[in-house]
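Naming convention: chains lettered A, B, ... in sequence-line order (proteins, then strands); numbering from 1 in each chain. As the structure is a prediction and not an experimental result, all values here were calculated from the model.
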Amino acid sequence: MRADPAGVLTGVHYLDGDFACGEGAMAAGCRFVAGYPITPSTEVVERIARRFPRMGGTFVQMEDELASMAAVVGASWTGTKSMTVTSGPGFSLMMENIGLAVMMETPCVVVNVQRGGPSTGLPTMVGQADMMQARWGSHGDYELIALCPQSPQEAFDLTIDAFNLSEQYRVPVLVMMDECVGHMTEKVIVRPAEDIEVVPRRLTAAPRGEFQPYRVDGRPVPEFARAGDGYRFHTTGLTHDERGYPVMNAECQEKCVRRLVDKIRGSAEQIVRFEEEGTEGADIVVVCYGITARVARLAVHLARERGVKAGVLRLVVVWPFPEQRIRELARHIRAFVVPEINYGQIVLEVERCAAGQAAVVPVPHGGGGVHDPSAICQSILRAAQ
Amino acid sequence: MSRTEIRITGFGGQGVVLAGYIIGRACAIEAGRHATLIQSFGPEARGSACSATLAVCDTEVLYPYIQRPDIFVVMSGEGYERYRAELKDDGVLIYEKDLVHPTPGAPDKAPLRLREGPAGPRAYGIPSTRIAESLGRAMVQNIVMVGFFTAVTQLVSRAQMRAAVQASVPPGTEELNLKAFDAGCAFFDTTYGEAAQSPALPASG
Amino acid sequence: MNTGNAELGTTGAGPGPADAAPEEHPIAPYVRMDRMPHIWCPTCGIGTVVKCFATALGETGVDLDKVAVVSGIGCTGRVAGYMKLDGFHTTHGRAIPFATGLKLGRPELHVTVFSGDGDLVGIGGNHFIHAARRNMDLLVILVNNFIYGMTGGQNAPTTPLTAKTSTMPFGNFERPFNLAHLAASCGASYVARWTCLHVRQLTWGLKDAIQRRGFRFVEVIAPCSTLYARLNKLGTGFNLMQFYHDNAEVRHGADTREVDIGFQDKIVCGKFVDDPRPTFLEMMDEHYRKILGDKYVPMPPAGGFIPDPDSCGNPDPNRHRDGAAASPRGPTP
Ligand SMILES: Cc1ncc(C[n+]2csc(CCOP(=O)(O)OP(=O)(O)O)c2C)c(N)n1
Ligand code: SF4
Ligand SMILES: [Mg+2]
């Protein structure tokens, strides 16, 4: 359906990534946000707190991130699109209830404006070291979706996409922004509401009494009933059957968790999204995401000037990981170069998919700044030798 | 790929970030170029030295931070001391005349040609605070500086920058801010004159 | 997950909702009979509280379609799963913030939090005090059994001094919370305490609380017959009930500073606080109306859900079951 115009600030703006993310959420139809202040993410909720009272939205500053995440899951069960926003330390606190959202199949969006870690780390400076936490941070086996914007424009666009994916797959979707993108101001175009496609919550049409909250009938995701619509359903973080009732045995675990995992794995090829530049016939492919993708493209230009056939694969969706494409490329290229603002996270995935068919060269950066393009270029040149 | 790097610095409360925002907006929206603004955050932004940087490019800005600015706008002595060394050798210094006292040809980097006149001045001073006060509000000092900046650098046209000022200041203050902008431009015209050709902007990268 | 004896209680005997033929039981409309027998031990007090809550709901005549129950984790935490209402069994300690989201996401809901002492004021204590401070419009029913039941009888922030628990084998030396005083001093607009022995008073008390607004805290003293009683050699559930009978006294309006509970000491019950101050949502509405005037667009009572105009077949979410349309979404500014 088309976006609700009340949330769409159509026009050409000069906005930072945090504000753009907030605008994306409102354009996507988000009407509930719970959050707890943390640099460098707070501007997202500050923007929303100012605009929500004019569009029927409610922002509440909770007592901590545990509460913020729990409130978001609760609000989503009313059919209200919901989001929370945080950075590393708060992201850690949200993990248990992100797992709850996965288990209850609750659509919601979590924005992590990544800063340097571990612990309190570098509150005001960039990092990309929460990428594995995004994938594995909550306990148990699960799959979810994570997106990485590289600019304020993408902070806007991908936040809308995050809401849409969360509705489509009934899964929490993470917007893994970084401080650099969050705090950089650039031109952001907000399309008119009628040009913004949003995925509405798919409500069940089942008669009351017949509805089962986790019955799928062969579809990847079940139909949704809002709290208060008279379905009187039950949902739980325990392993459950189609009625949403807890069942404590291995068979039910297999059925319940298998489907949660498969609904993402089985659609991974539709969900994955990446952009390629110059990978055709390349010897070296730089795999990158977020702010590092921009710096890496500069490095690739430098390397090409030196005669290296280098290309870029930019991950827009990081989780699920584009395994298939990396495998294909591995058969044709000499090496992957993987710059990221951490000591080696996504590079592990690249290594796994390359499976020895191509070399994999990490270009780590501890955080607090972005890579020097010439350092990435050096790695490309070395890998090409 | 012509790229212009700018640093704007001053003390908290001078509107450093707003000045950067207006210049960035003028480049990115009014002039259709690409402009990435980064502002200093956290304790630094609240302390005495406050700073914003801009990378302006005809194509997408890939590297968001600046390395050596082509233009250094400085509104406090502390900001000058802190960042003077990074200004490009052939860069342009724009400074608050009453608050900043550039040291010509100081031995530590940042050689400055402070000759003012038709021969091509590289450093341009303006008593922007005094001008703002004469307009009734010291607060618009940053906008006076933006006007002066526009006249000095010709990075975008005066009309484009004016539109960015209008779109960026709090509603209800447009008139005063545009007056401040015009005063900044006028100071350039009278002090550095028509004859003093503004330098073509140095381009890096 | 249940390292205590709770799982042994699946025979369904005892005071819980399963002790009668499902079809005929008066609380059948409120309870998921298809989930019986429940997991609670025979003579556990939790079932009685559920029964009283169900009766209270029935007597108030509130639209059950609009009632949601949220629980955390624990023996009491299972309540959300047994009531035939929209029921949310969440994570340990987070029932109150989850419920806050439900309430703010659809303001017309009656949201009840039903959970244990460890859940609500141990791990979830921070949420408890803040929800009370905000006067968030929630009814919080806390079953205080002085112990962590589900995990096998560990010390709780409510365990009376000297009482034995599995992690305080020599007796508890930590001072427990006086929950009524905690809630009252944090700003709860309604604070009461009952025991699960006093079924009539408890039912009346819950009914009273359902009919108020704001953060309503009802503490119900209920025996953990299996663990607390055994560890402290207090006999059976019956003996505990007898103790409540002899030692509970009703003192409406009692000063909450004076109602703390010692080990095997008297239990002061009653309605301590009933101060209908504005709730979070009322304060927010009034404030925005004052500051923003016509520009303020409140979330509709039916929530911030934005229906798909093209969808057919789905129930109109802005329509109550009785056909009354909820207030429409506000105009777009
Ligand atoms: C994060 C987390 N920590 C610990 C537990 C284990 N746990 C489950 S229930 C419980 C205590 C419940 O005590 P209470 O709330 O008093 O409920 P009761 O069983 O006594 O009704 C604990 C510690 C958990 N489920 N989650
Ligand atoms: S609280 Fe105690 S008596 Fe009740 S079910 Fe749990 S372990 Fe059994
Ligand atoms: Mg307990």
Side-chain angles (χ1 to χ4, degrees), chain A residues 1-2 4-7 29-32 34 53-58 60 62-64 66-82 96-97 99-100 104 198 200-205 208 225-238 243-246 248, chain C residues 1 32 34-35 64-66 68 70 73 80-81 84-106 108-109 126-127 129-130 280 284 288 292 295-300 302-311 313-315 317 321 329-330 332-333:
Chain A
M1 68 183 234
R2 303 284 165 248
D4 173 6
C30 176
R31 293 295 179 267
F32 179 80
R54 298 179 167 113
M55 65 180 79
T58 298
V60 56
M62 296 301 284
E63 50 275 15
D64 57 31
L66 300 157
S68 303
M69 190 63 217
V72 160
V73 183
S76 181
W77 277 98
T78 69
T80 305
K81 291 189 183 177
S82 306
E96 188 188 11
N97 288 299
L100 179 70
M104 288 182 165
V198 304
R201 186 73 49 93
R202 191 168 130 200
L203 297 185
T204 182
R208 294 184 174 88
R226 306 168 67 212
D229 273 356
Y231 285 95
R232 303 198 198 171
F233 60 87
H234 178 57
T235 178
T236 173
L238 287 169
R243 298 171 301 175
Y245 291 177
M248 303 292 100
Chain C
M1 33 118 253
R32 296 185 189 278
D34 55 346
R35 286 206 62 200
L64 296 181
D65 285 350
K66 296 283 178 279
V70 184
I73 302 295
K84 203 188 283 173
L85 299 165
D86 288 334
F88 300 89
H89 183 220
T90 64
T91 45
H92 193 27
R94 316 302 160 207
I96 285 177
F98 189 104
T100 299
L102 271 178
K103 179 68 190 173
L104 299 183
R106 188 164 189 172
E108 68 186 352
L109 294 180
N126 196 32
H127 312 311
I129 61 176
H130 285 280
F280 175 92
M284 183 175 85
Y288 282 150
L292 297 175
K295 295 206 180 93
Y296 175 46
V297 180
M299 183 181 284
F305 171 69
I306 303 172
D308 179 0
D310 306 327
S311 85
N314 286 354
R321 209 146 71 116
R329 295 191 58 73
T332 56

Mind running side-chain contact (heavy atoms from CB on, under 4.5 Å) on Tyr245(A) and Asp34(C) for me, showing each step along the way?
-> CA-CA 10 Å; Tyr245(A) 291 177; Asp34(C) 55 346; 3.0 Å; yes
Of the non-hydrogen atoms in [X] and [Y], which two are nearest, and what is the gap between them?
{"X": "His234(A)", "Y": "Gly87(C)", "value": "ND1-O, 3.1 Å"}
{"X": "Arg94(C)", "Y": "Asn97(A)", "value": "CG-ND2, 3.6 Å"}
{"X": "Tyr231(A)", "Y": "Asp86(C)", "value": "C-OD1, 4.0 Å"}
{"X": "Arg232(A)", "Y": "Arg32(C)", "value": "O-NH2, 2.8 Å"}
{"X": "Gly101(C)", "Y": "Phe32(A)", "value": "CA-CZ, 4.1 Å"}

Is the charged tip of Arg201(A) near the ring of Phe305(C): under 6.0 Å from the six-membered ring centre and within 45° of its axis?
-> no
Among His92(C), His89(C), Lys84(C), Lys103(C), who wins on heavy-atom pairs under 4.5 Å with chain A?
-> His89(C)
Option in Val70(C), Leu64(C), Leu292(C) with maximal non-hydrogen atom pairs under 4.5 Å from chain A = Leu64(C)
Counting only non-hydrogen atoms closer than 4.5 Å, does [X] touch chain C with its backbone (N, CA, C, O), its side chain (CB onward), both, or neither?
{"X": "Arg2(A)", "answer": "neither"}
{"X": "Ala227(A)", "answer": "both"}
{"X": "Val73(A)", "answer": "both"}
{"X": "Met69(A)", "answer": "neither"}

Do [X] and [Y] make a side-chain contact, defined as non-hydrogen atoms from C-beta onward lying under 4.5 Å apart?
{"X": "Pro307(C)", "Y": "Met1(A)", "value": "no"}
{"X": "Leu100(A)", "Y": "Phe98(C)", "value": "yes"}
{"X": "His127(C)", "Y": "Leu66(A)", "value": "yes"}

Contacting moiety of Tyr296(C), where chain A heavy atoms sit under 4.5 Å = both
Which of these, Glu108(C), Arg106(C), Met299(C), sits in a side chain to side chain contact (heavy atoms under 4.5 Å, CB included) with Thr78(A)?
-> Arg106(C)
